[in-house]
K.L.:
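Submitted below is the structure of interest, expressed as C-alpha cells.
Convention: sequence-line order gives letters A, B, ...; per-chain numbering from 1.
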Protein chains: 4
Amino acid sequence: MFGYKVIADRLVSLVSPKEKLEQERRQQILDAAETVFSKQGFNDARMDDLVAESGLSKGAIYWYYKSKDAIIMALFDRVFLTEMKAAEAIIDADGTAEENLRIFSQAAVADIRHFERLMSLGYEFIALASRREEVREKLQGYYKMYREILIRIIEQGITEEEFDNVDPQNTAMAFIGLYEGIALLWFIDPLGLEWDKLTETPFDMLLDSIRKKES
Amino acid sequence: MFGYKVIADRLVSLVSPKEKLEQERRQQILDAAETVFSKQGFNDARMDDLVAESGLSKGAIYWYYKSKDAIIMALFDRVFLTEMKAAEAIIDADGTAEENLRIFSQAAVADIRHFERLMSLGYEFIALASRREEVREKLQGYYKMYREILIRIIEQGITEEEFDNVDPQNTAMAFIGLYEGIALLWFIDPLGLEWDKLTETPFDMLLDSIRKKES
Amino acid sequence: MFGYKVIADRLVSLVSPKEKLEQERRQQILDAAETVFSKQGFNDARMDDLVAESGLSKGAIYWYYKSKDAIIMALFDRVFLTEMKAAEAIIDADGTAEENLRIFSQAAVADIRHFERLMSLGYEFIALASRREEVREKLQGYYKMYREILIRIIEQGITEEEFDNVDPQNTAMAFIGLYEGIALLWFIDPLGLEWDKLTETPFDMLLDSIRKKES
Amino acid sequence: MFGYKVIADRLVSLVSPKEKLEQERRQQILDAAETVFSKQGFNDARMDDLVAESGLSKGAIYWYYKSKDAIIMALFDRVFLTEMKAAEAIIDADGTAEENLRIFSQAAVADIRHFERLMSLGYEFIALASRREEVREKLQGYYKMYREILIRIIEQGITEEEFDNVDPQNTAMAFIGLYEGIALLWFIDPLGLEWDKLTETPFDMLLDSIRKKES
DNA sequence: TATGAATGAGTCTTCATTCAT
DNA sequence: CATGAATGAAGACTCATTCAT
C-alpha cells in the first residue's frame with residue numbers, strides 16, 4: 001500500500017494541470033455527494049443539493065459525471081477503494097496470528113469509526129445490491145478480499161500452532177460476519193452501547209474459541 | 001404465538017363484515033407492497049405497481065392508506081411484528097440454556113430463510129433508519145427484544161452453571177451481531193456459501209467460548 | 001369512403017362513454033398540437049403551450065400520449081388519414097378520364113387550401129422523413145395511394161381513347177409532382193401569385209400533352 | 001459563373017493572410033454544418049457535433065459565428081449562392097429556346113443530384129420559412145431568380161416562334177413547380193423510381209404542350 | 001486567436017395524490 | 001366504498017453560450 005501511495009503521489013505530480021483539475025473537480029463532486037447522500041439518501045438528495053454543497057454549477061457536475069447514478073457509482077468505488085487500501089495495509093504486518101488478527105480487528109474498528117458517516121451510505125449500497133448486479137459484484141469482491149486476508153492470518157495461526165485446526169473459511173466468515181453485524185447493531189443504536197465494548201467481547205469470544213487448547 | 005393467532009382469529013370472527021373487509025384489503029395492499037417493494041425498492045416502486053400487483057384501484061389503496069409512506073410504515077410494522085412473534089415463540093421453551101440458545105438460533109436461521117425475500121426490504125428499512133427517527137426507534141425496539149430474550153437464556157445458563165460467568169449483555173450482542181452479520185454476507189453473496197454451514201460454525205464457536213470449562 | 005364514415009359514426013355511438021371521453025381528449029390534444037406545432041414548429045413548441053392551448057393539464061396530456069414525439073406521430077397519422085380519406089372520395093367518381101382528373105385536381109387544390117395551416121406542419125414532417133424511417137414509410141404510402149388513383153384514371157383515359165398511349169406511371173408522377181411543387185412555391189410565396197391561376201395553367205399544360213391528338 | 005469564380009479567386013489572393021484564414025475557418029465551419037445539419041437536422045444537431053466534425057474548438061466556432069442560428073443562416077446563404085451561381089451559368093447560353101430549356105432542366109437535374117445530401121437541409125429551410133420572415137424572403141428571391149431565367153427563355157421561344165403564345169409567367173411556374181415536386185417525391189422515395197426517368201417524361205410533357213403546333 | 005471548462009435557464013417527463021362520478 | 005382520469009409541483013438533465021486563461 002505504501003508503495004502504491006508513493007506511486008500515486010508521483011503520478012499526481014506527473015499529470016498535466018488539466019488532468020489535475022479534473023481530478024480535483026471529481027473529488028469535489030464526490031466529497032459533496034458523500035455529504036449529501038449520507039445525509040439525505042440517494043433518492044432524497046437533489047442534484048441542486050450537490051450544486052450547493054460542491055460550490056460547482058449544475059453544468060460543471062454534469063461535465064464530469066454524466067448522471068446522478070454515475071456519481072453514486074463513482075462514490076461507491078471511492079469508498080470501496082479506500083476500504084480496500086486500508087485493509088491491504090495490514091497484509092504486510094508480521095507478528096503472531098493473534099496479533100495480526102487483533103491489528104486487523106482494530107483496523108476494522110478504527111475504519112468503522114472513521115467511516116461512521118459513511119455507514120448510512122453503506123446500507124444504501126447494500127439495499128441497492130439486490131437490484132443492481134454491478135453493485136452486488138463489487139460488494140462481493142470487497143468481502144472476498146477481506147475474507148482472504150483473514151483466511152491467511154488464520155492459516156498462519158494454524159500452521160504456527162497458535163490456533164486449533166479450525167476451518168479457515170468458516171472462521172473467517174465468523175469474524176467478518178461478527179464485525180458487520182456489530183456494526184449494524186451500532187448503526188441502529190449508536191447510543192445504546194459503547195463501540196469499544198461492543199467490539200472487544202465478541203472478538204475475544206471468537207478468538208478464545210479457536211485458540212489452541214493446552215493439552 | 002399460537003395463542004396469539006387464536007386470539008387473532010377470534011377477533012376476526014368477532015368483527016363486523018365491514019371491518020373484516022377492511023382488514024382483508026389492508027393485507028392485500030401490504031402483500032402487494034411486500035412483493036413490489038422488495039423487488040424494486042421503496043423509491044423505484046410506483047403506486048401504479050401496487051395497483052397492478054394488488055388488483056385494487058388507486059383510489060382503494062388511498063382509501064386504506066393515506067400515503068405511500070404510510071404503506072411503507074405499515075409494512076415495516078407487519079414484518080416487525082411477524083419477527084417479534086416468531087421470537088416470542090421461543091420464550092416459553094424449556095430445556096437447558098444451550099438447547100434454548102440452539103433453538104433460538106435455529107429459529108433465527110429458519111426465519112432468515114423464510115424471509116429471504118424480505119432481506120432487501122430489511123436493508124431498505126435500515127438505510128431509512130438514519131434519516132427517520134421513527135424507523136430507528138422501531139428497529140431499536142426490535143433488537144432490544146431480541147437482546148432481552150438472549151440475555152435471559154444466557155443468565156439461565158450462568159445460573160445453572162452451564163456457561164461461564166460471562167457478561168450477558170455483551171454475549172447477547174455477540175450472538176445477535178453474528179447472525180445479522182452472517183445474514184448480510186449471505187445477502188451479498190448467496191451462492192458463495194451454503195447458509196447452514198455459514199451459520200453453524202460461528203454459532204458453535206461462540207457457544208464454545210462461553211461453555212463452562214471443566215476445572 | 002362514405003360507407004366507412006357511416007361505420008365510423010356508428011362505432012362512435014356504440015363505444016362506451018369512457019372510450020368516447022378518451023377519443024375526445026385525444027382529439028383535444030391533437031387539435032392543440034396542430035395549432036401549436038404549425039405555428040411554432042415541433043421544436044419550438046413547448047409542452048406548456050399544448051397545455052395552454054388544449055386547456056388540459058400536463059398530466060392529462062401525458063395520460064393520453066406518452067411523449068411529445070408520440071403526439072407528433074399521432075398528429076401525423078391524423079393529417080395523413082384525413083388526406084387519404086379525402087383522396088378516396090374521388091375514386092368512386094364516374095365520368096370521362098379528363099373529368100375525373102379535373103375533379104381530382106380540384107380536390108387537391110381544395111385540399112391544399114383547406115390545409116393551408118397544415119402546410120408548415122407538412123414540411124416539418126418531410127424534413128423529418130430523412131431521419132425517421134417510420135415517417136418516410138408513411139409518406140411513401142401516402143404518395144403511393146395518390147399515384148395509384150391517378151394511374152387508374154390515366155389508364156381509363158387511355159382505354160377509352162381520350163388520352164394518348166402514355167406511360168401511366170410517369171404521367172401520374174408528373175401530375176403529383178406538379179401539384180406538390182406548385183404547393184411548395186405557393187407556400188414560399190403565397191402572396192406572389194394567386195393559387196387558382198398558379199394551378200390551372202400547369203394542369204392544362206399537362207393535360208394538353210396527353211390528350212389524344214386528332215389524326 | 002466562371003467570371004464570378006475568377007473574381008472570387010482574385011479576391012482571395014488579394015486579401016491578407018489573416019482574412020484568408022478567416023475565410024478558411026468559416027468554410028470549415030460551414031462544411032461541418034452542412035454535414036451535421038443534413039444528417040441530424042438543425043434541432044438535433046449539437047454545437048458539439050460541429051466541434052467534432054469541424055475539428056475546431058467551441059471557442060473558435062463562436063469566434064467566427066456568433067450563434068448557432070448565424071451558422072444556419074450562413075449555411076443557407078452558401079447553399080443559396082451556389083445554386084444561384086449554377087443557374088446563372090445558363091443565362092449566357094445561346095441556342096434555341098428549347099435547347100436552353102433543356103440545358104436549364106438538365107442543370108437543375110444535375111444540381112439536385114449533386115445536392116442530394118442537401119435536400120433534407122433544404123426542407124429544413126422550407127419548414128423554417130413559415131416562421132422566419134428572413135428565410136422566407138431569401139427563398140422567394142431564389143425562386144424569383146429561377147422564374148426570371150425561365151421567363152426569359154420562354155419569351156425567347158415565343159419571339160422566335162418555337163413556342164405557342166403561352167403566358168410566360170405561368171409556364172415558368174409550371175416548369176419550376178414540376179421540378180420541385182418531382183424532387184420532393186424522389187426525396188420521399190428515392191428507390192421507388194429512377195431519377196432520370198422521373199425527370200424526363202414530365203419535362204417532355206410540359207415542353208410538348210408549349211411547342212408551336214404546325215398549322 | 002483559440003481553448004474547453006463552466007454556466008444556468010429552460011425542457012420534458014414523472015408520479016404521489018386528489019376528487020368528481 | 002371504489003374508480004381512474006386528472007393535477008401540477010418537482011426533478012434530472014440538456015445545451016447554446018460565455019469567458020478566464
K.L.:
Take the protein atom CZ of A:F42 and the nucleotide atom P of F:dA12, then report the distance between them rounded to whole Å.
P.N.:
14 Å
K.L.:
Answer whether the closest heavy-atom distance between the side chains of A:L50 and A:K68 falls below 4.5 Å.
P.N.:
no
K.L.:
May I have the distance from A:Q40 (atom CD) to F:dA10 (atom C1'), rounded to whole angstrom?
P.N.:
15 Å
K.L.:
Measuring only the P atom in each nucleotide, how far is E:dT1 from F:dT21? A whole number of Å is fine.
P.N.:
22 Å
K.L.:
Does a side chain donor of either C:R26 or C:Q23 reach within less than 3.5 Å of an acceptor in the other side chain?
P.N.:
no
K.L.:
Give a yes/no on whether any side-chain N or O of D:W63 is located under 4.0 angstrom from OP1 or OP2 of E:dT1.
P.N.:
no
K.L.:
Closest-nucleotide mapping onto DNA chain F: is A:M47 or C:S57 further toward the 5' terminus? I mean the 5' end.
P.N.:
C:S57
K.L.:
Can you tell which of F:dG8, F:dT3, F:dA5 lies closest to the side chain of B:A60?
P.N.:
F:dT3
K.L.:
In terms of the nearest nucleotide of DNA chain E, which residue is placed more toward the 5' end: A:G55 or C:R46?
P.N.:
A:G55
K.L.:
Please give, in whole Å, the distance from E:dG4 P to A:E19 CD?
P.N.:
13 Å
K.L.:
Could you tell me whether the phosphate oxygens of E:dA2, OP1 or OP2, come under 4.0 Å of any side-chain nitrogen or oxygen in D:Y64?
P.N.:
yes
K.L.:
Which residue lies toward the 5' end of DNA chain F, B:L56 or D:N43, if each is placed at its nearest nucleotide?
P.N.:
B:L56
K.L.:
Regarding C:A45, tell me which of base, sugar-phosphate or nothing describes its non-hydrogen contacts under 4.0 Å with the strands shown.
P.N.:
sugar-phosphate
K.L.:
In whole angstroms, how far is the P atom of F:dA12 from the CG atom of A:L50?
P.N.:
9 Å
K.L.:
Is there a side-chain contact between A:F42 and A:L128 (heavy atoms, below 4.5 Å)?
P.N.:
yes
K.L.:
Figure out the CD1/C1' separation between C:I61 and E:dT11, and round it to whole Å.
P.N.:
14 Å
K.L.:
Of the nucleotides F:dA16, F:dA2, E:dT13, which one has an atom closest to the side chain of C:Y62?
P.N.:
E:dT13
K.L.:
Taking for each residue the nucleotide of DNA chain E bearing the nearest heavy atom, is the 5' side occupied by C:K68 or by B:K66?
P.N.:
C:K68
K.L.:
For the atom pair CZ (B:F37) and CD (B:E124), what is the distance rounded to the nearest 0.5 Å?
P.N.:
9.0 Å
K.L.:
Counting only Watson-Crick or G-U wobble pairs whose two distances fall under 3.5 Å, which nucleotide matches F:dA16?
P.N.:
E:dT7
K.L.:
Under a 3.5 Å threshold, yes or no: a donor from one side chain and an acceptor from the other, between A:R46 and A:Q40?
P.N.:
no
K.L.:
Would you check if the distance from the ring center of C:F125 to the ring center of D:Y123 is below 6.0 Å?
P.N.:
no
K.L.:
To the nearest angstrom, how far is C:Q23 atom CD from F:dA5 atom P?
P.N.:
14 Å
K.L.:
So, OP1 or OP2 of F:dA2: does either fall under 4.0 Å of a side-chain N or O from B:R25?
P.N.:
yes
K.L.:
How many whole angstroms separate atom CZ of C:R26 from atom P of F:dA6?
P.N.:
11 Å
K.L.:
Please tell me if D:K58 has a side-chain N or O lying less than 4.0 Å from either OP1 or OP2 of E:dG4.
P.N.:
no
K.L.:
I need the CD-P distance between C:E24 and F:dA5, as an integer number of Å.
P.N.:
14 Å
K.L.:
Does F:dT21 have a Watson-Crick or wobble mate here (both distances under 3.5 Å), and if so which one?
P.N.:
E:dA2
